[in-house]
Amino acid sequence: MSKYEFRLKTLQRVRETTRDERRTALAAAFRAAEILAAKQDELATEEIVIRALQRAAARGQYLDVNRLLETQRYRMLINSQGEDLAKQSALLAAEIERRRQQLVEADREVRVLELLDERQRREHDRRQARLETRQLDETALLQWLTR
């Protein structure tokens, strides 16, 4: 019985490597999205603190205008950073979707080769079974003729 070997095994390995690289790239993009979300959460927390400081400064007996201006400038800085993070988040979402599509395509290419390999393996096994049956039939016929 001859051993089965898939002719496109090298191509299949290359496509599997590509798929694994795409999976790693997608995971990196997800990690970047998590970091970005954490930064957005930090900014939101900081905004809450700034608002509390502004209210506290406004409630005092004497209004500290310099302190109010300082907190207002800092709040504007935080808002600006929040807008930048929102833009980065939108770009990152588009990049994640692009990488996801690349992974789907790479996975599909690997699956096509796996199905082809499976089909060729079944055909090889059928041919081998027919050959083995033919050989057994010939052996049985020769034994019958020699009696």
Side-chain angles (χ1 to χ4, degrees), residues 1-140:
M1 188 165 176
S2 69
K3 182 179 174 190
Y4 171 75
E5 187 158 340
F6 185 47
R7 291 178 297 136
L8 302 174
K9 190 175 200 171
T10 304
L11 177 61
Q12 185 176 8
R13 273 193 246 125
V14 168
R15 286 188 178 174
E16 287 170 351
T17 301
T18 301
R19 178 196 59 195
D20 294 342
E21 288 171 356
R22 301 259 165 90
R23 187 175 288 144
T24 302
L26 182 59
F30 279 133
R31 281 191 300 277
E34 289 173 359
I35 291 169
L36 199 58
K39 285 182 182 180
Q40 286 174 327
D41 289 344
E42 287 174 19
L43 282 179
T45 303
E46 204 151 331
E47 170 117 18
I48 292 169
V49 170
I50 291 296
R51 285 183 187 167
L53 286 173
Q54 283 179 326
R55 279 192 299 266
R59 263 190 275 126
Q61 185 178 8
Y62 300 105
L63 187 62
D64 188 358
V65 176
N66 287 333
R67 174 116 179 173
L68 281 175
L69 287 174
E70 183 180 308
T71 56
Q72 185 61 29
R73 277 189 227 116
Y74 189 59
R75 187 173 179 187
M76 289 172 52
L77 175 68
I78 288 175
N79 287 339
S80 173
Q81 289 176 347
E83 290 172 4
D84 289 345
L85 286 177
K87 288 176 187 175
Q88 288 177 358
S89 181
L91 291 173
L92 188 57
E95 180 65 17
I96 285 173
E97 185 57 33
R98 186 182 69 78
R99 289 181 183 189
R100 186 187 323 255
Q101 290 301 320
Q102 287 178 338
L103 176 60
V104 166
E105 180 62 25
D107 197 38
R108 186 190 65 76
E109 290 174 353
V110 168
R111 185 68 185 138
V112 165
L113 286 177
E114 287 173 347
L115 290 173
L116 180 61
D117 181 26
E118 184 179 312
R119 191 174 336 139
Q120 287 180 358
R121 182 179 305 275
R122 281 194 312 263
E123 182 58 33
H124 176 265
D125 291 345
R126 278 194 290 269
R127 278 194 311 267
Q128 287 302 115
R130 283 195 302 266
L131 179 63
E132 196 173 302
T133 302
R134 191 176 317 128
Q135 289 174 347
L136 288 173
D137 287 346
E138 287 176 7
T139 303

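Atom-to-atom distance recorded for Glu21:CD and Glu16:CD is 12.5 Å, nearest 0.5 angstrom. Atom-to-atom distance recorded for Phe30:CZ and Ile35:CD1 is 14.0 Å, nearest 0.5 angstrom. One distance of note links CG of Leu77 with CD1 of Ile50; it measures 9.5 Å at 0.5 Å rounding. Atom CG of Leu26 and atom CD of Gln102 lie 9.5 Å apart (nearest 0.5 Å). Atom OG1 of Thr71 is separated from atom CD1 of Ile78 by 10.0 Å, given to the nearest 0.5 angstrom. Considering CG of Leu53 and CZ of Arg75, their distance stands at 11.5 Å, rounded to 0.5 Å.
Using a 4.0 Å cut-off between charged nitrogen and carboxylate oxygen, Lys9 and Glu5 do not count as a salt-bridge pair. In summary, Arg98 and Glu95 engage in a salt bridge, as defined by a charged side-chain N under 4.0 Å from a carboxylate O. Using a 4.0 Å cut-off between a side-chain N of Lys or Arg and a carboxylate O of Asp or Glu, Glu105 and Arg108 qualify as a salt bridge. At a threshold of 4.0 Å, the pair Glu42-Lys39 does not count as salt-bridged, since none of the basic side-chain nitrogens sits closer than that to a carboxylate oxygen. Between Arg126 and Glu123 there is a salt bridge, with a side-chain nitrogen of the basic residue lying less than 4.0 Å from a carboxylate oxygen of the acidic one. Using a 4.0 Å cut-off between charged side-chain N and carboxylate O, Asp20 and Arg23 make a salt bridge.
Residues Leu92 and Ala32 approach most closely at CD2-C, 3.6 Å, considering heavy atoms. In plain terms, the two heavy atoms of Ala106 and Arg22 that are nearest each other are CB-NH1, 4.0 Å. Nearest approach of Arg19 to Asp107, heavy atoms of both residues: CD-OD1, 3.3 Å. Closest heavy-atom contact between Leu113 and Phe6: O-CZ, 3.7 Å.
When the shell of 6.0 Å around CZ of Arg130 is examined, it contains more than 12 heavy atoms from other residues, nucleotides or ligands.
Counting only distance, with no hydrogens or angles, the side chain of Ser89 and the backbone of Leu85 share no donor-acceptor pair below 3.5 Å. For Arg99 (side chain) and Ala25 (main-chain N/O), a donor-acceptor pair under 3.5 Å exists by modelled atom type.
You'll find the side chain of Ser2 reaches within 4.5 Å of the side chain of His124, heavy atoms only. Looking at Leu115 and Arg111, their side chains come closer than 4.5 Å, going by heavy atoms from C-beta outward. Counting only heavy atoms from C-beta outward, the side chains of Gln120 and Tyr4 approach each other to under 4.5 Å.
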field: Verdict with reasoning, Asp117 to Arg121, per side chain to side chain contact (heavy atoms under 4.5 Å, CB included)
entry: CA-CA 6 Å; Asp117 181 26; Arg121 182 179 305 275; 3.9 Å; yes
query: So Glu138 and Arg134, salt bridge (Lys or Arg N to Asp or Glu O under 4.0 Å) or not? Walk me through it.
result: CA-CA 6 Å; Glu138 287 176 7; Arg134 191 176 317 128; 5.6 Å; no
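For the 3.5 Å distance criterion, the side chains of Glu97 and Gln101 qualify, holding a donor opposite an acceptor.
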